[in-house]
Trainee: 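First the structure, which I've put down as structure tokens, then a few questions once you've had a look.
Reminder, nothing fancy here: chain letters follow the sequence lines and each chain counts from 1.
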Amino acid sequence: MEPEKNTERKKETSSHFIKAIIDEDNRTGKHDGRVHTRFPPEPNGYLHIGHAKAIHLDFGLAEEYGGKCNLRFDDTNPEKEDMEYVEAIKKDIQWLGYDWEDRLYFASDYFDQMYEYAVQLVREGKAYVCSLNDEEIRQYRGTVTEPGRNSPYRERSVEENLQLLERMKNGEFPDGAHTLRAKIDMAHPNMKMRDPLIYRIRHTYHYRTANNWCIYPMYDYAHCLEDSIERITHSLCSLEFEVNRPLYDWFLDELRVFHPQQIEFARFNMSYTIMSKRKLLRLVREGYVNGWDDPRLPTLSGLRRRGYTPESIRSFMDRVGVAKTESIVDYALLEFFIREDLNRRTPRVMAVLNPLKVVIDNYPEDLTEEMEAVNNPEDAAMGCRSVPFSKVLYIEREDFMEDPPRNFFRLAPGREVRLRYAYFIRCDRVVKDPDSGEIIEIHCTYDPETKGGNAPDGRKVKATLHWVSATHSIPAEIRLYDKLFLQENPEDVAEGEDFLTKLNPESRKILKGCFLEPGLQDINPGDTFQFERMGYFCCDPDSTPDLPVFNRTVTLRDTWARIQQKNQE
RNA sequence: UGGGAUGUCGUCUAAUGGUAGGACAGCAGACUCUGGAUCUGUAUGUGGGGGUUCGACUCCUCCCAUCCCAACCA
């Protein structure tokens, strides 16, 4: 009865209001059952996990309904956009596992068509050239409580408008001298309908159309036409465009062209991070993080470098759902999905982050034994490996306490624990630095009868520790990451206060002098492991043949950490 | 304030007039050579007031709270 369970589960996670709309459209035959979506990024920044929600929705819905999804770059503002972003965005979408096949489009491909439509609007008396400057336009627009006033240029003749528009296009005017505006209603209660701008003059080089154009279409005019030209059926966007929808509809209706339906859903937010492109750009530009792929960032490139898998992000998005309620998703949910994914796929390995030297006094000086270790207890097919054991070892510093509280199970003077896949050891003696009092090394004795990790007499230990052999281990650098911000919603700041004040000064901790078991000699950036008891780690591109570098993707669920916290309280 | 939208466990999300359900987080326990994983159990919610109805998260009404719109950004 497994399959039935699966269907039930899928149903749980995937019913939402947009599907209800599509189902209804299909029922009434609105688009002959056709479903065609698009993901329309502006190439002015890197994609983040908020975009992943939109991508997952746009591509996922098309797939589910046997339709298509276009990738379309909304490149109507050459001042902010760049080809670098186009390539990064394509890479991220592919990494997430989506395919636009041969449908890669650019809004700039439609500039001629858009201009023709604009001429049509002017001919029909539905648009005019306005010569107010930006300050005047703002004043004439009124406010949310007061109606605007008509522009003095609103009643220019069709002939004059046609001529001026042509001259705007030909580059006869400087930036800002004129605009083309829709003639709607300056007293409209919806501000977006108060004679919105259609074209503005910008003598700017465009990375795709070069200097062919010096007028560029505004979002509201361009976007609906892009959708219409591509015969998109369902045009999904975020909630803040709700007020733009009447305008979207107005242009398409007045032009009498194919009319897609705009549907708005709530943007994705997550606790302790930010999604604002502007703010992300600031963190990158001003050096608060190291580039767009800094593992602390919620960018897809950052998450990838951190060790997140596309599968985990997609499962996460399924669970997050789609609705119109604005929300902030707990980052712990994302962590749940990456743990779930990595738990079943990553090999286990032993690595000591903060080494404490252990000398096994009764172990032969020159002996090395190979211990058999399981690669993944969740997946027997991943097999076993052998790990060298010798007289001098490193264990995790936090696995030893000289004077432990009663609920500390690990090593302490007189206490016996198991070294994973090796022997039981008992701590006999602690060596300290006479000046600082810091513990330098501990001396233990091992029980030869417990080889492999089990006692023939059946006695139990309360803890199993990971370890590496001092002479065989390889040094490494390990980078630990924590929340980028200290506040659950970093956007929530007092008047005049900067979101930067909410940055977590300890969001990254770089550990040098860590040791890995020797099997990690030949690895590549991007390889992921579970360091037993410590978490999931991903090999960073900064690695060199001499010094592998790892990023901690996420810790294991840590019951001991919670107990410690309670102890403190 | 004019217009547009949204309010369901701590968080996210189902239930469209008929038992308020799931996931994460939490708590308790079982098991364990990872204080991991797994398994079991468990507490917590319909923004508020009226109304319609045998019955309301759902319909009506008033109120409250939050978000969006006054870029030649998208």
Side-chain angles (χ1 to χ4, degrees), chain A residues 8-9 11-13 15-16 40-42 44 74 76-77 79-81 130 132-134 137-139 141-148 175-176 178-181 188-194 197-202 216 218-220 222-223 237-246 264 266 271 277-278 316 318-337 339-340 343-344 348 350 373-374 377-378 407-410 418-422 424 452-454 460-466 488 530-535 555-564:
Chain A
E8 250 177 304
R9 190 173 187 155
K11 231 170 121 189
E12 252 171 52
T13 59
S15 101
H16 55 72
E42 183 189 13
N44 68 345
D74 207 358
T76 57
N77 184 2
E79 291 183 325
K80 289 189 181 170
E81 298 155 6
C130 180
L132 255 23
N133 65 35
D134 56 349
I137 286 179
R138 205 171 311 132
Q139 280 166 5
R141 190 148 36 211
T143 69
V144 289
T145 48
E146 306 156 43
D175 287 3
H178 308 282
T179 56
L180 183 72
R181 301 178 70 174
H188 199 110
N190 179 347
M191 300 290 294
K192 295 286 181 194
M193 299 297 272
R194 321 248 259 226
L197 272 59
I198 295 175
Y199 274 103
R200 78 284 213 182
I201 301 172
R202 282 288 173 278
Y216 291 96
M218 301 290 292
Y219 169 83
D220 287 302
H223 204 92
C237 64
S238 46
L239 245 34
E240 71 263 32
F241 292 101
E242 239 157 1
V243 287
N244 299 58
R245 178 155 30 91
E264 310 86 11
S271 56
K277 269 186 177 180
R278 215 196 89 248
F316 174 54
D318 274 335
R319 180 56 69 186
V320 161
V322 182
K324 298 193 73 161
T325 321
E326 298 199 54
S327 59
I328 300 180
V329 176
D330 188 349
Y331 74 97
L333 189 60
L334 209 212
E335 293 195 334
F336 167 81
F337 282 104
R339 285 192 186 109
E340 183 188 55
N343 176 48
R344 56 179 173 75
R348 271 59 169 173
M350 292 193 285
V374 172
E378 305 296 320
N407 50 13
F408 181 86
F409 304 159
R410 283 110 97 146
R418 170 169 40 232
L419 292 180
R420 188 133 159 99
Y421 301 125
F424 285 11
N454 285 305
K460 302 280 182 199
V461 287
K462 288 190 89 173
T464 300
L465 311 185
H466 62 280
E488 189 166 317
Q530 185 196 104
F531 290 175
E532 293 223 21
R533 305 206 302 133
M534 302 309 287
T555 60
L556 260 25
R557 239 175 113 256
D558 193 348
T559 310
W560 170 236
R562 260 181 288 149
I563 295 169
Q564 270 180 308

Trainee: Of the nucleotides rA74(B), rA71(B), rC69(B), which one has an atom closest to the side chain of Arg141(A)?
Mentor: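 So the side chain of Arg141(A) is nearest to rA71(B).
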Trainee: Given the P atoms of rA37(B) and rA25(B), what is the spacing between them in whole Å?
Mentor: 9 Å
Trainee: What's the spacing between Met191(A) CE and Thr143(A) OG1 if we round to 0.5 Å?
Mentor: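 Interatomic distance, Met191(A) CE to Thr143(A) OG1, rounded to 0.5 Å: 6.5 Å.
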Trainee: State the CG-CZ distance between Asp330(A) and Phe336(A), to the nearest 0.5 angstrom.
Mentor: 12.5 Å
Trainee: Within this structure, what is the CG-OH distance for the pair Asn454(A) and Tyr421(A), rounded to the nearest 0.5 Å?
Mentor: 11.5 Å
Trainee: Over all heavy atoms of both residues, which pair between Arg194(A) and Arg181(A) is shortest? Give the atoms and the distance, please.
Mentor: O-NH2, 3.6 Å
Trainee: Looking only at atom P, what distance separates rC39(B) and rG4(B), rounded to whole Å?
Mentor: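 Roughly 49 Å separates the two P atoms.
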Trainee: What protein N or O atoms touch nucleotides 43-48 of chain B N or O atoms at under 3.5 angstrom, if any, and at what distances?
Mentor:
none

Trainee: Between C1' on rA74(B) and NE2 on His223(A), what's the gap in Å once rounded to a whole number?
Mentor: 9 Å
Trainee: Base, sugar-phosphate or nothing for Asp74(A)? Non-hydrogen atoms, less than 4.0 Å.
Mentor: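 Here Asp74(A) touches the backbone only, sparing every base.
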Trainee: How is Tyr421(A) classified with respect to the nucleic acid when contacts are heavy atoms under 4.0 Å: base, sugar-phosphate, or nothing?
Mentor: base
Trainee: State the dot-bracket string of RNA chain B. Criteria: Watson-Crick or G-U wobble, both atom distances under 3.5 angstrom; notation: ( ) intrastrand, [ ] crossing earlier pairs, | interstrand, . unpaired.
Mentor: .((((((..((((....[..)))).(((((.......)))))....(((((..]....))))))))))).....
Trainee: State which of rU1(B), rA74(B), rA14(B) makes the closest approach to the side chain of His16(A).
Mentor: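 Between rU1(B), rA74(B), rA14(B), the one nearest the side chain of His16(A) would be rA14(B).
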Trainee: Taking rA65(B) as the reference, what is the distance to rU1(B) when you measure between their P atoms (whole Å, please)?
Mentor: 9 Å
Trainee: Compare every heavy atom of Ser271(A) with every heavy atom of Ile328(A), then report the nearest pair and how far apart it is.
Mentor: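 Here Ile328(A) and Ser271(A) meet closest at CG2-N, 3.4 Å.
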Trainee: Taking C-beta and beyond as the side chain, do Val461(A) and Phe409(A) meet within less than 4.5 Å on heavy atoms?
Mentor: no
Trainee: Categorize Tyr216(A) for me: base, sugar-phosphate, or nothing, with a 4.0 angstrom heavy-atom threshold over every strand shown.
Mentor: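 Nothing, no nucleic acid heavy atom in range.
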Trainee: Rounding to the closest angstrom, what is the interatomic distance between rC69(B) and rG49(B) at atom P?
Mentor: 33 Å
Trainee: Indicate, with a heavy-atom threshold strictly under 4.0 Å, whether Arg202(A) touches base, sugar-phosphate, or nothing.
Mentor: base
Trainee: Could you measure between the two C1' atoms, the one in rC24(B) and the one in rC62(B), and give it in whole Å?
Mentor: 37 Å
Trainee: Rounded to whole angstrom units, what separation is found between the CG atom of Asn133(A) and the C1' atom of rC72(B)?
Mentor: 10 Å
Trainee: Describe the nucleic acid contact of Arg420(A) in one word from base, sugar-phosphate, nothing, applying a heavy-atom distance below 4.0 Å.
Mentor: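 Arg420(A): base contact, heavy atoms under 4.0 Å.
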Trainee: Starting at CD of Glu532(A), measure out to CE of Met350(A) and round the result to the nearest 0.5 Å.
Mentor: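 So the CD of Glu532(A) and the CE of Met350(A) are separated by 7.0 Å.
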Trainee: Please give the distance between the P atoms of rG50(B) and rA56(B) as a whole number of Å.
Mentor: 14 Å
Trainee: State, yes or no, whether a side-chain contact exists between Asn77(A) and Asn44(A) at a heavy-atom distance under 4.5 Å.
Mentor: no
Trainee: For Asn44(A), answer base if it contacts any base atom (sugar-phosphate contacts may also be present), sugar-phosphate if it contacts only those atoms, and nothing otherwise; contact means non-hydrogen atoms under 4.0 Å.
Mentor: nothing
Trainee: Which is true for Met218(A) with a 4.0 Å heavy-atom rule: it touches a base, it touches only sugar-phosphate, or it touches nothing?
Mentor: sugar-phosphate
Trainee: Are any non-hydrogen side-chain atoms of Arg562(A) and Arg557(A) less than 4.5 angstrom apart?
Mentor: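 Yes; the side chains approach each other to less than 4.5 Å.
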Trainee: Categorize Ser271(A) for me: base, sugar-phosphate, or nothing, with a 4.0 angstrom heavy-atom threshold over every strand shown.
Mentor: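 Result for Ser271(A) = nothing.
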Trainee: Can you sort out the partners of Glu42(A) under salt bridge (Lys or Arg N to Asp or Glu O under 4.0 Å), two or more places apart, ordered by chain and number?
Mentor: none
Trainee: Can you check side chain to side chain contact (heavy atoms under 4.5 Å, CB included) on Asp220(A) and Met218(A), steps first, answer last?
Mentor: CA-CA 6 Å; Asp220(A) 287 302; Met218(A) 301 290 292; 5.7 Å; no
Trainee: Taking Val329(A)'s backbone N and O only, do any of them form a donor-acceptor pair with Ser327(A)'s side chain (distance below 3.5 Å, no angle check)?
Mentor: no
Trainee: Which is true for Asp175(A) with a 4.0 Å heavy-atom rule: it touches a base, it touches only sugar-phosphate, or it touches nothing?
Mentor: nothing
Trainee: Holding to salt bridge (Lys or Arg N to Asp or Glu O under 4.0 Å), I want the full list of residues that pass it with Arg533(A), two or more places apart in sequence or in another chain.
Mentor: Asp399(A)
Trainee: On RNA chain B, nearest-nucleotide positions of Ile201(A) versus Asn190(A): which is more 5'?
Mentor: Asn190(A)
Trainee: When rounded to the nearest 0.5 angstrom, what distance separates OH in Tyr216(A) from CD in Glu79(A)?
Mentor: 9.0 Å
Trainee: Taking atom P in both rA15(B) and rG21(B), what distance in whole Å separates the two?
Mentor: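 Each nucleotide's P atom is 14 Å from the other's.
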Trainee: What residue among Thr76(A), Asp74(A), Leu197(A) forms side-chain contact (heavy atoms from CB on, under 4.5 Å) with Tyr219(A)?
Mentor: Asp74(A)
Trainee: If I take atom CG from residue Asn133(A) and atom CD from residue Gln139(A), how far apart are they, to the nearest 0.5 angstrom?
Mentor: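 Taking CG in Asn133(A) and CD in Gln139(A), the distance rounds to 8.5 Å.
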Trainee: Rounded to whole Å, please give me the gap between OH in Tyr219(A) and C1' in rC69(B).
Mentor: 14 Å
Trainee: If we take the C1' atom in both rA23(B) and rG17(B), what is their distance in whole Å?
Mentor: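 Straight-line distance between the two C1' atoms is 27 Å.
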Trainee: Name the pairs: protein N/O against N/O of nucleotides 35-39 of chain B, kept only if under 3.5 Å.
Mentor:
unit_1: rG35(B); atom_1: OP1; unit_2: Arg533(A); atom_2: NH1; d: 2.7
unit_1: rG35(B); atom_1: O3'; unit_2: Thr559(A); atom_2: OG1; d: 3.3
unit_1: rG35(B); atom_1: O2'; unit_2: Thr559(A); atom_2: N; d: 3.3
unit_1: rG35(B); atom_1: O2'; unit_2: Trp560(A); atom_2: N; d: 3.3
unit_1: rG35(B); atom_1: N7; unit_2: Arg410(A); atom_2: NH1; d: 2.3
unit_1: rG35(B); atom_1: O6; unit_2: Phe409(A); atom_2: N; d: 2.8
unit_1: rG35(B); atom_1: N1; unit_2: Asn407(A); atom_2: O; d: 2.9
unit_1: rG36(B); atom_1: OP1; unit_2: Thr559(A); atom_2: OG1; d: 2.5
unit_1: rG36(B); atom_1: N2; unit_2: Glu378(A); atom_2: OE2; d: 2.9
unit_1: rA37(B); atom_1: OP2; unit_2: Arg557(A); atom_2: NH1; d: 2.9
unit_1: rA37(B); atom_1: O2'; unit_2: Asn343(A); atom_2: ND2; d: 3.3
unit_1: rA37(B); atom_1: O2'; unit_2: Glu378(A); atom_2: OE1; d: 3.2
unit_1: rA37(B); atom_1: O2'; unit_2: Glu378(A); atom_2: OE2; d: 3.0

Trainee: With a non-hydrogen cut-off below 4.0 angstrom, is Val461(A) in contact with a base, only sugar-phosphate, or nothing?
Mentor: nothing
Trainee: Determine the contact category for Leu132(A): base if any of its heavy atoms lies under 4.0 Å from a base atom, sugar-phosphate if only primed atoms, P, OP1 or OP2 are that close, otherwise nothing.
Mentor: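 Base contact.
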Trainee: If the glycosidic angle is within 90 degrees of 0 it's syn, otherwise anti, so just tell me which one rA71(B) is.
Mentor: syn
Trainee: Starting at the 5' end of nucleotides 6-12 of chain B, put B wherever the base has a protein heavy atom under 4.0 Å, S where only the sugar-phosphate does, and a dash everywhere else.
Mentor: SS---SS
